[in-house]
*Asks:* 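Pasting a structure here, questions to come.
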Protein chains: 2
Amino acid sequence: MTAKDTRAPQLARLAGLVADETRAVCLLALLDGRAWTAGELARHAGVAASTLSGHLGRLVAGGLLAEERQGRHRYVRLAGPQVAQLLEDLAAQVAPEAAARPRTLRESTAGSAMARGRTCYDHLAGRLGITLTDALTERGLLSQDAGFALTEAGLRWFGAVGIALDRKGRRPLVRACLDWTERRSHLAGVAGAALCRHALDTGWCVRIGSERAVKVTPSGERALGELLGIEAAALR
Amino acid sequence: MTAKDTRAPQLARLAGLVADETRAVCLLALLDGRAWTAGELARHAGVAASTLSGHLGRLVAGGLLAEERQGRHRYVRLAGPQVAQLLEDLAAQVAPEAAARPRTLRESTAGSAMARGRTCYDHLAGRLGITLTDALTERGLLSQDAGFALTEAGLRWFGAVGIALDRKGRRPLVRACLDWTERRSHLAGVAGAALCRHALDTGWCVRIGSERAVKVTPSGERALGELLGIEAAALR
DNA sequence: CGCACACTTCGGTCCGAACCGAAGTGTGCG
DNA sequence: CGCACACTTCGGTTCGGACCGAAGTGTGCG
């Protein structure tokens, strides 16, 4: 027996946290970037509150979730962008086979709203995310030659639009995130998150219901038309 | 109960493959990019051959491993760069806590050889990987402004040295891979793999024993000094 | 041929963990 | 104060899967 890799036990433990379907459902739900209560997750996953309580304990102890107690509520959210990135990577790995037909009409319409535009942890995804990524690329603001990278013009563009980019952390400025519905990469990383936040703050986009789906508002259509030359029809 | 994400079951199944310590040991061993026989892996992991046979069956069925039967041997290797990337990402997530002290002297010396230089699936890692990455960056061949990217000069450099870069596949030309021992990113992706292959093919580096560890040869020191201005002392 | 070897299949044991309902703790509101 | 509600803890059941050794299959070599 040669020297085993010392990381194996911890790697197995980490994977084990995702390796349960109930926990996987929760983690994917939390990819919307918001905090959910334990009860909401229990109903979403279809298990008893007591069962879910145990799962949350494990996920928090394992460092995947951060929790915040407010009164009688226990709010949990993903512990950080690294966790979201990890889940997105894992999900992208299985996405090819996961392109299954939705069952009910309700799921179908909800699915098509999700396909049009949604948030992916903290950035924009779906056709909306791809459209934005393509527009940035066409205008020479984003380079896709060797991985994603912001060009000089791209950096200026963010500044001109009034979107601040925090370059201090370890998180990459831009990152490609493989889109689940479009099968193509969209903009993630610090810039992707800042753009998404700006879009929601300024009313370019609004969330639909309580899900991850988002839609572009009329003012958003105007702004994106002016700033990136995107035609309104491409956003619907 | 809102509509569950259809990817959850498959996500859990995928994670479940990594969620066993014995399988994790095997997967990390296979990160050396080579094919191992079932028996070698069984001895490495310290379990009975029959037990390991079952594990290999699951990993192959799950798409993480590719197998090749030759006579009475069953060779397995990682199914592709995506799998290696996934494992590296997962391992990087736990690496911070995994910086444990080695137990025995044998592990200690083996560990320090690994820290000096090793392969990480198909590219170079350890201090050697970092040194190369830094040298490429200093000379303006690699940009680290917003994620990793090859510059125009970098593309020319690879051509001049005689390293062909296959840009056809879906794999990114360059990619940052978080180094387990150095806690910094080194060069991965198509260019990282091509550089590693070239280094081994031309004798710049040789593998030490049967492990992932590699060392730079005298001819390698000369070549890297000429091509990248790396001092020989930095490679020892 | 027959033995050694690599791997697989099978039967059986054992442990961990996912689940539920019931009872308990703590919070907020009328 | 007392009830409703959100969550947690506990006991008990059930199920999957990791493991081993023994027996079976197939390959290569003398």
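As the structure is a prediction and not an experimental result, all values here were calculated from the model. Residue numbering restarts at 1 for every chain, and letters A, B, ... go by the order of the sequence lines.
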*Asks:* Give a yes/no answer on whether the side chain of A/T22 brings an N or O atom under 4.0 Å of OP1 or OP2 in C/dA18.
*Replies:* no
*Asks:* Check whether more than 12 heavy atoms from other residues, nucleotides or ligands sit under 6.0 Å from atom CZ of B/R171, and answer yes or no.
*Replies:* yes
*Asks:* Less than 4.0 Å between a side-chain N and a carboxylate O, is that true for A/R13 and B/D20?
*Replies:* no
*Asks:* Do B/E21 and B/R23 meet the salt-bridge criterion of a basic N to acidic O distance under 4.0 Å?
*Replies:*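 No, no charged N to carboxylate O under 4.0 Å.
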*Asks:* Apply the side-chain contact (heavy atoms from CB on, under 4.5 Å) test between B/L90 and each candidate in A/V18, A/D89, A/L11; give the one that qualifies.
*Replies:* A/L11
*Asks:* Should the pair B/H123 and B/H186 be assigned to parallel (<30°), tilted (30 to 60°) or perpendicular (>60°) ring geometry?
*Replies:* tilted
*Asks:* Less than 4.0 angstrom from a charged side-chain N to a carboxylate O is my criterion; do B/R118 and B/D179 meet it?
*Replies:*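 Looking at B/R118 and B/D179, the cut-off is met.
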*Asks:* Tell me whether B/R207 at atom CZ has more than 12 heavy atoms from other residues, nucleotides or ligands lying less than 6.0 Å away.
*Replies:* yes
*Asks:* Kindly say if B/H55 contacts the phosphate of D/dG17, meaning a side-chain N or O under 4.0 Å from OP1 or OP2.
*Replies:*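 No.
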*Asks:* State which of D/dC20, C/dA18, D/dG17 makes the closest approach to the side chain of B/A48.
*Replies:* D/dC20
*Asks:* Round to the nearest Å and state the distance from B/D20 atom CG to D/dG16 atom C1'.
*Replies:* 13 Å
*Asks:* Heavy atoms under 4.0 Å, any strand shown: does A/A49 hit a base, just sugar-phosphate, or nothing?
*Replies:*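 Base, at least one base atom sits under 4.0 Å.
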*Asks:* So, OP1 or OP2 of D/dC10: does either fall under 4.0 Å of a side-chain N or O from A/S50?
*Replies:* no
*Asks:* Can you find a heavy atom in the side chain of A/L52 that is under 4.5 Å from one in the side chain of A/C26?
*Replies:* yes
*Asks:* Calculate the interatomic distance between B/E21 atom CD and C/dG16 atom P; express it in whole Å.
*Replies:* 14 Å
*Asks:* Taking the side chain of B/V47 as its heavy atoms from C-beta onward, which of D/dC7, D/dA18, D/dC20 lies nearest to it?
*Replies:* D/dC20
*Asks:* Does C/dC19 have OP1 or OP2 under 4.0 Å away from a side-chain N or O of A/T51?
*Replies:* no
*Asks:* Hunt down any stem DNA chain C takes part in, defined as 3 or more consecutive Watson-Crick or G-U pairs whose two distances are each under 3.5 Å.
*Replies:* C:1-30 with D:1-30
*Asks:* If the threshold is 4.0 Å, N to carboxylate O, is there a salt bridge linking B/E40 and B/R34?
*Replies:*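 A salt bridge is absent here (no side-chain N lies under 4.0 Å from a carboxylate O).
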*Asks:* Using heavy atoms and a sub-4.0 Å distance, could you list which residues of residues 62-79 of chain A are near DNA chain D? By number, please.
*Replies:* A/R69, A/R72, A/H73, A/R74
